[in-house]
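Small disclaimer: the values here were computed from a predicted structure and weren't measured. Just so you know, these numbers use all the heavy atoms, side chains as well, and skip hydrogens, waters and symmetry mates.
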Amino acid sequence: MIYGNCILAAADDFFAKLVVALTSKTALITYIALILFLIIVLAIRVILGEQQRVEQQRQSKRLKEEAEKDAVIESVSKKLDKHFERLGGDLNYVKRNLANTAGIPAPVRQQAAVAANATAGSAGSASDGEEVNTDGSRFYMLTEIDKEYESYVRPDYDDKINLKELCEDFRNFSAGSLKLFYDIEDIRRFIGGLAVTKLIILQGMSGTGKTSLAYAFGEYLGNKTVVVPIQPMWKERTDLLGYYNEFTRRFNETTLLYKMYEANNNEEIYITVLDEMNIARVEYYFAEFLSLLEIPNPEGRNLDVVADRWDDDPKLLHSDGKMKLPTNMWFIGTANNDDSTFSISDKVYDRAMVINLDKKATPFEAEGKPRKVSATHLQELMDKAQREYALSDRNLRRLKQLDEYMIKTFHITFGNRIMKQIKCYVPVLVACGGTEVEALDDILARKIFRKLESKNPVYVKQMADGVCDYLDELFGENKLALCKETIRLIEQNV
């Protein structure tokens, strides 16, 4: 017990001394020094951190400014490269274009090549600010057409052929001379489409003869078809017509521009194929053509080519730099519907005639020869057909009833444009050897019942049987087979 008391006493004495030591003046000074040291360390860390943050901001700003400068330099560099690349390309433009100018006369191609070589020899001066084209017209190829037609003599055209003979003879020529086979119904639709509009769209699976049909028609007429392969990046009319180059002071003339200008000088029938037309947006590069084709008066359909007219410009170029859209040229667009193409809008479909080539025709033996048919005679035949085979009153009443039914059921109406197209198409198809109901079936399927694709597919499926029954009741059982087929296809795709 005495030992335990001694331990307690020693412990009390130790803690008493410890308290005295911790509360002494020396200890307090030590505490203050330690606190000051910690404050200084913390302040230094804050200052260093702030300096580092400011430096990072400066570095970021400097990098951003350098990046902006690099972007500006790169942009300017690209623009310069583009201009010089265009300059280099323009100098040999005519020579490069000759590879696709099968329809351009050989003398003009040769002279154009000479002109291109002369221009290429002046390339170095263009980069120094000197003018390349110091002599001659900026439209070299078009002015050559003017020279050629100074001594033009109208050829002997076959002005006795009628539309039915034209269809049958063309079909036989394609089979016998070109080994291209088509059903007579497709030939009639093609000729009938020429009466309705200047734009025809050939749709169907690959290999059914879309491009070859237009090609064969050009061969049959003795005026080679112009094929324009559409490029995916095309967005404006200059891609079709060409453009004026400020460096060379020449207009980059395309084959299409050449053929359009040539067409304005004669009565030939010109066929231009817009191959794979929906690989780019038709509403962009063909917009001006679509608008002009809606003008009733052909004399008012004038394309913008340049801003104004120079003294040595081609003769048929107007004073405002415009050129007349030739009345004897038709545009035939071939279209595929797959992942690599754009859908064609109603704006284009409504202004065009659509022909579906869904199957290959059976080969057959035939003989035929080319015919020289003028666009003037073809138009006379079409006008005559519309007088002699005008729509019957009975079918006009049927169309009125069908229009009322489609408005009530699907909110789809014929409209003035479609009614005008029907009245143009049906008589010509009858003159070609078809019947009035067959013609109505074809154009209604392409112009009216195609629009059901944009409607609620479930609702269309529900109404399909009723619509087909109504068509049988109105026109006769299975008389509008193509219209019913269009409805059933939409029904199956739901």
Side-chain angles (χ1 to χ4, degrees), residues 189 192-193 196-197 199-201 203-204 277-278 281-284 286-287 290-291 293-296 333 335 337 341-356 358 391-426 429 436-494:
R189 289 167 185 152
V196 176
T197 177
L199 175 62
I200 297 176
I201 299 177
Q203 294 185 154
M277 71 180 302
N278 61 331
R281 291 196 178 277
V282 184
E283 302 83 355
Y284 291 175
F286 206 65
L290 291 173
S291 298
L293 292 176
E294 285 295 290
I295 298 176
N337 297 319
T341 60
F342 294 96
S343 60
I344 299 177
S345 68
D346 278 348
K347 174 184 177 180
V348 179
Y349 273 129
D350 287 347
R351 288 162 171 77
M353 272 302 296
V354 181
I355 301 175
N356 286 352
D358 297 322
L391 266 172
S392 64
D393 292 338
R394 182 183 183 187
N395 281 326
L396 284 172
R397 288 194 300 270
R398 285 171 169 173
L399 289 175
K400 183 178 179 181
Q401 290 177 266
L402 180 60
D403 188 20
E404 293 172 351
Y405 176 82
M406 295 299 289
I407 292 173
K408 180 180 178 181
T409 308
F410 298 107
H411 300 289
I412 293 175
T413 182
F414 286 30
N416 294 331
R417 179 189 288 118
I418 293 179
M419 279 304 302
K420 181 180 178 182
Q421 292 173 348
I422 291 174
K423 291 178 180 179
C424 288
Y425 181 74
V426 174
L429 204 74
E436 191 168 279
V437 175
E438 288 175 352
L440 283 172
D441 183 26
D442 181 63
I443 194 168
L444 288 175
R446 311 301 173 215
K447 290 291 182 178
I448 298 299
F449 289 94
R450 180 197 63 79
K451 293 179 180 290
L452 294 178
E453 296 175 357
S454 61
K455 298 297 180 179
N456 186 330
V458 177
Y459 178 71
V460 173
K461 182 175 182 179
Q462 292 174 350
M463 300 300 296
D465 291 338
V467 177
C468 292
D469 291 341
Y470 182 77
L471 293 177
D472 287 341
E473 177 186 344
L474 190 61
F475 289 91
E477 187 172 357
N478 292 325
K479 291 295 184 180
L480 299 191
L482 293 176
C483 294
K484 294 169 68 174
E485 180 184 353
T486 302
I487 296 169
R488 294 304 183 188
L489 285 174
I490 297 173
E491 181 185 17
Q492 291 174 11
N493 291 332
V494 176

Nearest non-hydrogen partners of [X] and [Y], listed with the distance:
X	Y	answer
E283	I344	OE2-C, 4.3 Å
L452	V460	O-CG2, 3.9 Å
C483	A445	SG-N, 3.6 Å
M353	G193	CG-CA, 4.0 Å
M277	I201	SD-CG1, 4.0 Å
S392	E436	OG-OE2, 2.8 Å

May I ask you to decide if F342's main-chain N or O and N278's side chain share a donor-acceptor pair within less than 3.5 Å?
yes
Donor-acceptor pair, D358 side chain versus G204 backbone, under 3.5 Å?
no
With heavy-atom distances below 4.5 Å as the criterion, would you say the side chains of [X] and [Y] are in contact?
X	Y	value
L293	R351	no
R281	F286	no
I448	I418	yes
R397	L474	no
V467	F449	yes

If I take atom [atom1] from residue [X] and atom [atom2] from residue [Y], how far apart are they, to the nearest 0.5 angstrom?
X	Y	atom1	atom2	value
S291	K347	OG	NZ	5.0 Å
M463	I487	CE	CD1	10.5 Å
I443	I422	CD1	CD1	5.0 Å
I412	L402	CD1	CG	10.5 Å
R398	K400	CZ	NZ	16.0 Å
L444	L399	CG	CG	6.0 Å

Within a radius of less than 6.0 Å around [atom1] of [X], do more than 12 heavy atoms belonging to other residues, nucleotides or ligands occur?
X	atom1	result
K451	NZ	yes
K455	NZ	yes
Y459	OH	yes
N416	CG	no
K420	NZ	no

Test item: side-chain donor near acceptor, D403 and T413, under 3.5 Å:
yes
So Y470 and Y405, would you call those rings parallel, tilted or perpendicular, with 30° and 60° as cut-offs?
parallel
Using the side chain to side chain contact (heavy atoms under 4.5 Å, CB included) rule, take R450 and V354 through it: C-alpha gap first, then chi angles, then the decisive distance, then the call.
CA-CA 10 Å; R450 180 197 63 79; V354 181; 5.5 Å; no
Do the charged groups of D442 and R446 touch, with an N to O distance under 4.0 Å?
yes
Does this structure show an ion pair linking E485 with R488, if we count only N-O contacts that are shorter than 4.0 Å?
no
Please assess K447 against V196 for the test side chain to side chain contact (heavy atoms under 4.5 Å, CB included), listing each intermediate value before the final yes or no.
CA-CA 12 Å; K447 290 291 182 178; V196 176; 5.9 Å; no
Run the numbers on L489 and E453 for side chain to side chain contact (heavy atoms under 4.5 Å, CB included), then give the verdict.
CA-CA 10 Å; L489 285 174; E453 296 175 357; over 6 Å; no
